[in-house]
Amino acid sequence: MRAVITSAEAATVIGKGGENVTQIRRMAEAKCTVSDYQRGAGERILTVSGAVDAVAKAFGLIIRTLNNEPLEEASSPQSKTYPLRLLVPHILIGSIIGKSGSRIREIQEASGARLNASGSCLPLSTERSLVVLGVADAVHIATYYIANTLVEQLTERFGGPAASAYATRSGGPAGPIPGGMQVVPYQPQPLHGSYGNPDTYKRHNNSAQRTPTNPYGIPYLHGPAPAPVPQAPLHYADPQTSNGYSGAGPHQPGQPAPTPQQPASNPMAAMLPGQPLTQQIFIPNDMVGAIIGKGGAKINEIRQLSGSVIKINEPQDNSNERLVTITGTQECNQMALYMLYSRLESEKHRI
C-alpha cells in the first residue's frame, strides 16, 4: 500500500538515524520505505508492504509516530486524528467504494474512521487518493479492511497480490508484470504557482484572521495538529480488557470479522460531540468555480462527506480572494479543509 506524506512528515517517520522506521518495521513485521526527496516537491511516497495485518499495524504505528503518541498504547478519546492519504489504482478503487457506497460505509462503521475517495486521478498518474481520517486505531482497522478488499480484487482479476507491484518502494514506476495491472504510479510534483504562498496575502487589512504559515488551514501541513476536541462516536480499545496496544488488528486471521459497533452499544455515543468550531480561509477568485463545481455539485459533496457547514462569501471590492467560513466539529472541519485543499491542488495542476 502506498500513501502520500509531506517531506516534513517523512523525516518524522524515518527518525534520527532511521530509528523510528526501524522500530515500526520491527513491531509490525512489515517493510516500510520512504521515497527519495525530489527537488521542488513537498511530498514523498510512503510504501508499506507485507501481510495484510502487518501492513495495517504498520500504518497504525506510523500515525502514532506522526502524532507523537506512544507506540504501545491503544487510542483513547484524547488521541489525535490524522488524514492518511492512501494511493489506490483507479481500476481498483470502485471495489473499496462498493455499490452505491456500501463497502466504504461498512469500513467506516467497522473502524470508526471517515473515508473519502477523490473523484479523479492524481496528476500524471492513474492512481486516486483515498483519505482515511481517524485516530491511529481507527486508521489501523480501516486499512486492514481496505487491504483485504484490494487483495480479493487482485486475486480475482489479476491472479494475485503480485499484480500490485506497479511501483517500486522508492516511489517510481516498476517494470510491467505480464498479466498484471497497467498502472501509472503517482509521483510527487514540484510545487508551482504563488497562490499557496502565505506572503501573497499580507497586503490585506484583515490578515489577522489568517493562519500565516498555512493559508488553507490544512492540518499537519506546517507543524503539529491543533489540540483535539472530544467527539463521538469513535471506536477505541476497552481499557478494562486491553493490555496496551498489541496491534493484533480488527481480528486474527481465520476468525470472523467483528460486527460493526452500533451507536447504542458504543460507550462514547453518550458523550456530547465537541462544540462546533468556526475556521476561515481565503481562496483565489479564479479557483472558486473549481470548489463549487457544476451546479454546486463539488461544494455539496464536500459538505455532505465532511459534515461541516461551508459558506463562501461574495467577492469584495478590490480583492482577488473570497472568504470561506467552515463550521463544525474539529474532525468534520479537518476533513472539509483537506477536501478543499485537494480540489485546489487538483485545479492548480490541471491549469
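Values reported hereafter were calculated over all heavy atoms of this structure, with side chains retained and with hydrogens, waters and symmetry mates removed. Predicted, not measured: the structure shown is a model, and the values here were computed from it.
Between the CD1 atom of I24 and the OG1 atom of T65 there is a distance of 3.5 Å, given to the nearest 0.5 Å. The OG1 atom of T143 lies 10.5 Å from the CG atom of D53; values are rounded to the nearest 0.5 Å. Distance CD1/I63 to CG/L84: 5.0 Å, rounded to 0.5 Å. With rounding to the nearest 0.5 Å, the separation of CG in L340 from CD1 in I299 is 5.5 Å. Here the CD1 atom belonging to I97 is positioned 11.5 Å from the OG1 atom belonging to T149, to the nearest 0.5 angstrom.
Residue pairs that meet the salt bridge (charged side-chain N to carboxylate O under 4.0 Å, His left out) test with at least one member in residues 87-105, sequence neighbours left out, are R103-E106. Among residues at least two apart or in separate chains, salt bridge (charged side-chain N to carboxylate O under 4.0 Å, His left out) pairs with a member in residues 117-127 are R2-E127.
Looking at heavy atoms from C-beta onward, V21 lies out of side-chain contact with V34 at the 4.5 angstrom threshold. Looking at F59 and H140, their side chains never come closer than 4.5 Å, going by heavy atoms from C-beta outward. Proximity of L154 to L92: side-chain heavy atoms (C-beta onward) are separated by under 4.5 Å at one or more points. You'll find the side chain of I45 reaches within 4.5 Å of the side chain of L87, heavy atoms only. With contacts defined as side-chain heavy-atom distances shorter than 4.5 Å, the pair L66/V13 qualifies.
Under the 3.5 Å distance criterion, the side-chain polar atoms of N333 are matched with a main-chain donor or acceptor of L277. R128 places a side-chain N or O within 3.5 Å of a backbone atom of S118 that can act as its donor or acceptor partner. The main-chain N or O of I310 is never found under 3.5 Å from a side-chain atom of S308 such that the two would form a donor-acceptor pair. At distances below 3.5 Å, at least one donor-acceptor pair connects side-chain atoms of R25 with backbone N or O atoms of C32.
Taking hydrophobic clusters as Ile, Leu, Val, Met, Phe, Trp and Tyr residues chained together by side-chain heavy-atom distances below 4.5 Å, V55 shares a cluster with I5. Residues V52 and Y145 are members of one and the same hydrophobic cluster, defined by side-chain heavy-atom contacts under 4.5 angstrom among Ile, Leu, Val, Met, Phe, Trp and Tyr. In terms of hydrophobic clustering, with Ile, Leu, Val, Met, Phe, Trp and Tyr side chains grouped at heavy-atom distances under 4.5 Å, M27 and M1 are assigned to a common cluster. There is a path of hydrophobic side-chain contacts, each under 4.5 Å, that joins I326 to V288.
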Working for side-chain contact (heavy atoms from CB on, under 4.5 Å), residues E43 and S35: CA-CA 9 Å; E43 300 171 331; S35 64; over 6 Å; no
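Pairing each heavy atom of T325 with each of Q280, the nearest pair is OG1-NE2, 3.5 Å.
T155 meets the side-chain hydrogen bond (donor to acceptor under 3.5 Å, both in side chains) test with no other residue; sequence neighbours excluded.
A salt bridge does not link D286 to R322: none of the charged nitrogens lies less than 4.0 Å from a carboxylate oxygen.
Between the side chains of Y82 and E9, at least one donor-acceptor pair of N or O atoms lies under 3.5 Å.
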